[in-house]
Amino acid sequence: MSFPLLTVTAAVPAVGAILTAAVPAARRTAAKWLALLVSLATLALAAVIFVRFEPGGERYQLTESHAWIKDFGVRYELGVDGIGVALIGLTALLIPFIVLAGWHDADPAETSSKRWRPTQGFFALILMVEAMVILSFEATDVFLFYILFEAMLIPMYFLIGGFGDRAHAGSDENAAAQRSYAAVKFLLYNLVGGLIMLAAVIGLYVVAGNFSLTEIAEARANGSLEMATSTERWLFLGFFFAFAVKAPLWPLHTWLPNAMGEATAPVAVLITAVVDKVGTFAMLRFCLGLFPEASTWATPAIVVLALISIVYGALLAVGQRDIKRLIAYASISHFGFIVLGIFAMTSQGQSGATLYMVNHGISTAALMLVAGFLISRRGSRLIADYGGVQKVAPVLAGTFLIGGLATLSLPGLAPFVSEFLVLVGTYARYPVAGVIATTGIVLAALYTLVLYQRTMTGPVREEVKTLPDLRARELAVAVPLIAVLIFLGVFPKPLTDVVNPAVRHTMSDVQQKDPQPAVPIQNAEAAK
């Protein structure tokens, strides 16, 4: 038997979570270092997956398949394509920075013994989320994916509700109530989506007789599995609804600003840069892979929803007074771009959407984590409580600016490449939608630059005169993320080489080809 690399990559953070939780209460620092070392080991394994993956090889590689629940045809079946490899890499890359950024977020509060929070539990939950997310990117059995899709809600619920942001206006009781509301809202929205998906999973089993993604695809390709049009569309809607909640897509997005606003900055990054990517990834792997006709049928409506998300999220970001909620609404707008690229049904759009998942995760992590460092210093999330920070903490202001410029997709930074591909791919098939989507770029520039102007420039407010600049640990978080943003902004080829073959497979699943240019390109001789 070959080495089970995919299983081990997910098992390392899972075992690390158990060991971290078991560290004695008095050894909080040891728990932190253990969590960091486990996350780095997982990153090393993800790098091995990236190196061993052959972009021109089989669609699903490093596969593993074992019987699990024989009576129902459920198997422990894993495999990765280029899209899965890219997102496993994103997850493994971000978790060490999340651990470093949250180094003191779960320490006992000095002001009140009632606010003591178990440090070991905080880092154990982060590692458990990492394990489940990585395994969900590897799962090729629909039932196994569903179990992971739902199970990751449990540690996320406790991270939001039990380890909320300390920079909260009002009393401790009010802060606890807001955290509880945000956690319950997150859980209920995603549970409802998951229950609807469960009904669709059962329906898929009734029709197909098994849960294997590869077997179902092969059966459909050779004609041994026929699915009525109405059945396929209903099953598609059941899956898509759950993924649209997770993504999140308008109008199922309202849980995200609450969750990101009340969570600590590292947990907010975990939500939007890691966990939410499972939703958009699943749209590509399961919606388009299992239900090609229904995906094409639903495309016009989904494109409209994506456009609403882009414009609506950006407009609400412009009007925000809370730094973290502004970043949350900006993420809703960005997820609209990702969904738009997926359902543009062009190779450029889907490649751009996959790159957008990766680049949005890195840029949002850079911006949100630096914003978290700023908020922890001042003790306030309100934009109005800042001003002139760049004069007293220039390094903090500079890293915040680069994170913001990445968010607005400045050329030379990673998100620009992905956003450009999404817009080109969308315009090729839906010109009007492509034009409307560009308004999101204009609004992104507005809310990002206004945020920087109001917090970092102008007269130095009395309350920020003593703010310290970034410390060594915080620089160890911000600098590598910015370096990756610049590297992928000028040289995205390592990612595109891995992603593009997987996108071609997805385009083949839905039997779509890229539209021909309206004006044929003349050859060189004719041009002369």
Side-chain angles (χ1 to χ4, degrees), residues 244 247-261 268-269 271-273 276-277 279-280 302-344 349 352-353 355-357 359-368 371 381 383 400-411 413-427 430 432-455 485:
L249 185 68
W250 183 93
L252 306 171
H253 67 284
T254 59
W255 63 267
L256 183 64
N258 295 101
M260 288 184 66
V269 171
I271 295 169
T272 190
D276 287 355
K277 298 303 186 298
T280 47
I302 295 173
V303 167
V304 171
L305 293 178
L307 291 174
I308 294 174
S309 288
I310 291 170
V311 178
Y312 176 81
L315 284 173
L316 287 185
V318 171
Q320 289 303 305
R321 297 180 297 174
D322 183 309
I323 296 174
K324 293 170 68 177
R325 288 179 70 90
L326 185 152
I327 299 172
Y329 280 111
S331 291
I332 292 170
S333 181
H334 295 150
F335 275 106
F337 276 107
I338 295 171
V339 175
L340 181 64
I342 292 172
F343 285 90
L355 291 178
Y356 215 135
M357 292 184 220
N359 295 334
H360 168 264
I362 300 170
S363 63
T364 298
L367 181 60
M368 178 62 85
R381 305 187 328 229
I383 297 173
F400 188 84
L401 177 61
I402 297 174
L405 293 176
T407 298
L408 63 82
S409 299
L410 183 77
L413 297 175
F416 170 77
V417 179
S418 45
E419 194 165 280
F420 178 77
L421 285 173
V422 167
L423 291 173
V424 169
T426 302
Y427 189 84
Y430 303 106
V432 174
V435 171
I436 295 173
T438 57
T439 60
I441 302 175
V442 178
L443 293 172
L446 179 61
Y447 62 68
T448 300
L449 296 178
V450 168
L451 171 64
Y452 183 83
Q453 178 192 34
R454 293 179 178 175
T455 55
L485 286 173

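Note that the structure is predicted; figures quoted are calculated from it, not measured. Values below: every heavy atom of this structure, side chains too, minus hydrogens, waters and symmetry copies.
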Quick check: does any side chain N or O of S333 sit under 3.5 Å from a backbone N or O of Y329, one acting as donor and the other as acceptor? no
CZ (R325) and CD1 (I383) are apart, to the nearest 0.5 Å, by 12.0 Å
Which atom pair, heavy atoms only, marks the closest approach of L421 to G352? CB-CA, 3.6 Å
Give me the atom names and distance for the closest heavy-atom approach of V269 to A365. CG1-CB, 3.7 Å
Residues T280, D276; criterion side chain to side chain contact (heavy atoms under 4.5 Å, CB included); working and verdict: CA-CA 7 Å; T280 47; D276 287 355; over 6 Å; no
One pair to check against side chain to side chain contact (heavy atoms under 4.5 Å, CB included): Q320 and Y447. What are the steps and the verdict? CA-CA 9 Å; Q320 289 303 305; Y447 62 68; over 6 Å; no
Within 6.0 angstrom of Y427 OH, more than 12 heavy atoms from elsewhere: no
Mind checking the CD-CD1 spacing from E419 to I338? Nearest 0.5 Å is all I need. 10.5 Å
To the nearest 0.5 Å, what is the distance between CD1 on I327 and CD1 on I332? 12.5 Å
Given side chains that start at C-beta, do those of F335 and L249 come closer than 4.5 Å, heavy atoms only? no
How long is the gap from OG1 on T426 to CG on L340, to the nearest 0.5 Å? 3.5 Å
Criterion ring pair (Phe, Tyr, Trp, His ring centres under 6.0 Å) on Y312 and H253, from CA distance to verdict: CA-CA 11 Å; Y312 176 81; H253 67 284; 5.3 Å; yes
So, taking the atom named CG in L367 and the one named CG in L485, what distance separates them when rounded to the nearest 0.5 Å? 10.5 Å
Using a 4.5 Å cut-off on heavy atoms from C-beta on, say whether the side chain of D322 contacts that of M260. no
Are any of the side-chain heavy atoms of F420 and L355 separated by less than 4.5 Å? no
Closer than 3.5 angstrom, by distance alone: can the side chain of S418 be matched with the main-chain N or O of P415 as a donor-acceptor pair? yes
Within a reach of under 6.0 Å around OH of Y452, are more than 12 heavy atoms found that belong to other residues, nucleotides or ligands? yes
Quick one: does T448's side chain have a donor or acceptor within less than 3.5 Å of a partner on L405's backbone? no
Give, for atom CG of L446 and atom CD1 of I441, the distance between the pair rounded to the nearest 0.5 Å. 14.0 Å
Which heavy-atom pair separates K324 from G261 by the least distance, and what is that distance? NZ-O, 3.5 Å
Do you know the tightest heavy-atom contact between A344 and G425? CB-O, 4.1 Å
Any side-chain heavy atom of T364 within less than 4.5 Å of one from T407? no
What is the ring orientation for H334 with Y356, classed by angle as parallel under 30°, tilted 30 to 60°, or perpendicular over 60°? tilted
Got V339 and I302 here, is their nearest side-chain heavy-atom distance under 4.5 Å? yes
Heavy-atom closest contact (S309 atom, W250 atom, distance): OG-N, 2.8 Å
Run the side chain to side chain contact (heavy atoms under 4.5 Å, CB included) test on L443 and I310 for me, step by step, so that the C-alpha distance in whole Å, both residues' side-chain angles and the decisive distance to 0.1 Å come before the verdict. CA-CA 10 Å; L443 293 172; I310 291 170; over 6 Å; no
How close do A414 and N359 get, heavy atom to heavy atom, and via which atoms? O-ND2, 3.0 Å
